[in-house]
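As structure tokens, the structure follows; a few thoughts come after it.
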Amino acid sequence: MQEQCDIGLIGLGVMGQNLVLNMADHGFSVAAYNRTTQKVDDFAAGPAKGKSIMGFYSPGELVKNLKTPRRVMMMVKAGEPVDANIQQLAPLLEKGDIIIDGGNSYYEDTERRIKELEPHGILFMGTGISGGEEGARHGPSIMPGGSRDAWPHVQPIFQSIAAKVGPNNDIPCCDWIGSGGAGHYVKMIHNGIEYGDMQLICEAYSLLREGLALTNEELYDVFAEWNRGDLDSYLIEITRDIFSVKDPKSDRFLVDVIMDRAVQKGTGRWTAESALQLGVPTTLITEAVYARHLSALKENRVRASKLLRGPEGAVAQFRKSVDRDAFIEAVRQALYASKICSYAQGFFQMQAAGEENGWGLHYGDIALLWRGGCIIRAAFLQKIKEAFDRDADLENLLLDPYFNEVVENSQVAWRYVVSTAAQVGIPTPAFSAALAYYDGYRSARLPQNLLQAQRDYFGAHTYERIDEEGVFHSDWMQLRREPGD
Ligand code: 6PG
């Protein structure tokens with residue numbers, strides 16, 4: 001009888017294949033299955049050849065060839081395919097066996113699946129995986145959640161294949177996140193933050209390209225420089241690289257021939273929807289989602305561009321008078337300060353969701369497992385880890401002494417950039433949302449006293465007072481000054 005495999009994986013897309021190869025490289029034997037069996041054959045005869053990987057043509061065969069408790073990981077499209085695979089698998093498994101969903105599933109679906117499998121004794125783990133194809137192959141960031149009892153059985157595999165960080169490169173970017181849908185929720189927030197980071201970078205690009213008319217070569221140098229400092233991150237690095245790529249079909253740069261119409265798979269929108277449901281201000285990520293929606297209205301924008309005027313001649317005037325190097329530095333500072341606000345909002349939302357769902361999240365550890373492997377990996381996540389080490393119950397990242405100081409020191413530049421953008425007519429929704437959030441969050445008094453008055457006036461919705469406990473209503477019509485009095 002052939003030896004049983006350590007883990008099974010269903011779904012041999014690029015991510016699935018790369019995870020299997022990564023597991024095999026780390027000494028685990030893997031059983032692999034894909035619905036289209038040709039993929040199994042191609043994989044077995046190709047990249048998997050000579051490795052501890054066995055291909056199977058049915059879930060039944062796959063399950064039969066696994067050690068107990070059986071560990072089956074699905075790398076299939078989120079939504080219906082996940083349920084379809086669970087339906088096939090569940091009758092083949094026994095009490096104590098484990099199903100892992102490694103896709104970008106909606107966290108409430110994960111919670112439902114855990115409950116559905118519970119009566120059968122099958123342990124379910126909703127696991128976020130980030131890092132794209134390269135990450136999956138050479139070390140992703142892994143965010144496992146769901147059944148706590150399953151974790152010890154999966155931990156050695158996941159922690160060996162995950163990216164490693166730390167001075168000795170031995171801290172895995174993978175740790176237990178929490179119960180229920182916590183793993184997928186945290187991955188969703190990761191993606192929301194990814195949307196925010198990408199939008200901020202796009203706005204910086206727009207300010208430098210439309211504002212200063214920097215060439216792609218100059219943009220390459222600016223991003224290369226930025227990547228050596230506080231902004232050191234994967235997304236800044238790939239942006240730098242993008243500015244160096246020529247279009248093989250023309251003599252232009254590839255980035256200049258790409259249509260300015262963004263698409264999305266929806267995880268950023270889920271983050272914004274969840275923020276609205278929780279009642280927390282995740283403004284920057286939400287603006288980043290809207291910015292994609294606005295970009296998608298390409299035909300409308302082209303029509304409107306012929307009819308709606310901006311500040312005539314403002315860009316030309318700006319270019320004449322601006323100190324280019326000082327403006328580039330101001331954009332860098334505005335980008336960093338805005339990014340800090342974005343992470344402050346993302347962590348605030350995670351804290352709210354964690355509390356509401358009783359997930360017991362550890363925010364410093366989450367920052368650490370985003371330190372490497374994932375799309376938002378960045379040197380600055382170490383600072384977030386340190387902030388939560390200083391205060392595990394930190395209310396808002398902006399209140400941490402390090403972040404407080406950075407934002408405070410950046411604010412002159414940040415305000416200069418946002419006001420310049422407004423004056424010359426360059427849209428910067430994420431930079432502006434971040435600044436408005438900062439100003440709102442640091443305001444002991446906001447104008448919503450007036451809003452409450454309006455609500456009470458037209459709908460008797462009542463209001464609270466600053467000098468007395470309780471809920472009040474006024475007869476505004478009776479008390480008001482009569483027009484003309
Ligand atoms: C990752 C990414 C990945 C996602 C892309 C694309 O962490 O590796 O988040 O999971 O597929 O971000 O997402 P959009 O299509 O929504 O931009």
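Start at 1 and go down the list; that is how both ligands and their atoms are numbered. These values consider heavy atoms only, across backbone and side chains, with no hydrogens, waters or symmetry-generated copies.
- Ring geometry for Y363 versus F388: interplanar angle of 30 to 60°, hence tilted.
- Between the side chains of E273 and Q277, no donor-acceptor pair is found at a separation under 3.5 Å.
- Side chains of I157 and M23 form a contact here, defined as non-hydrogen atoms less than 4.5 Å apart.
- Sorted by chain and number, the residues within 4.0 Å of ligand 1 by heavy atom are N104, S130, G131, G132, K187, H190, N191, E194, Y195, Q264, K265, G266, R292, I375.
- Put simply, the side chain of Y343 reaches to within 4.5 Å of the side chain of D197, judged on heavy atoms.
- No side-chain N or O of Q349 forms a donor-acceptor pair with one of Q345 less than 3.5 Å apart.
- Under the rule for a side chain to side chain donor-acceptor pair (under 3.5 Å), the partners of D389 that lie at least two apart in sequence or sit in another chain are K385.
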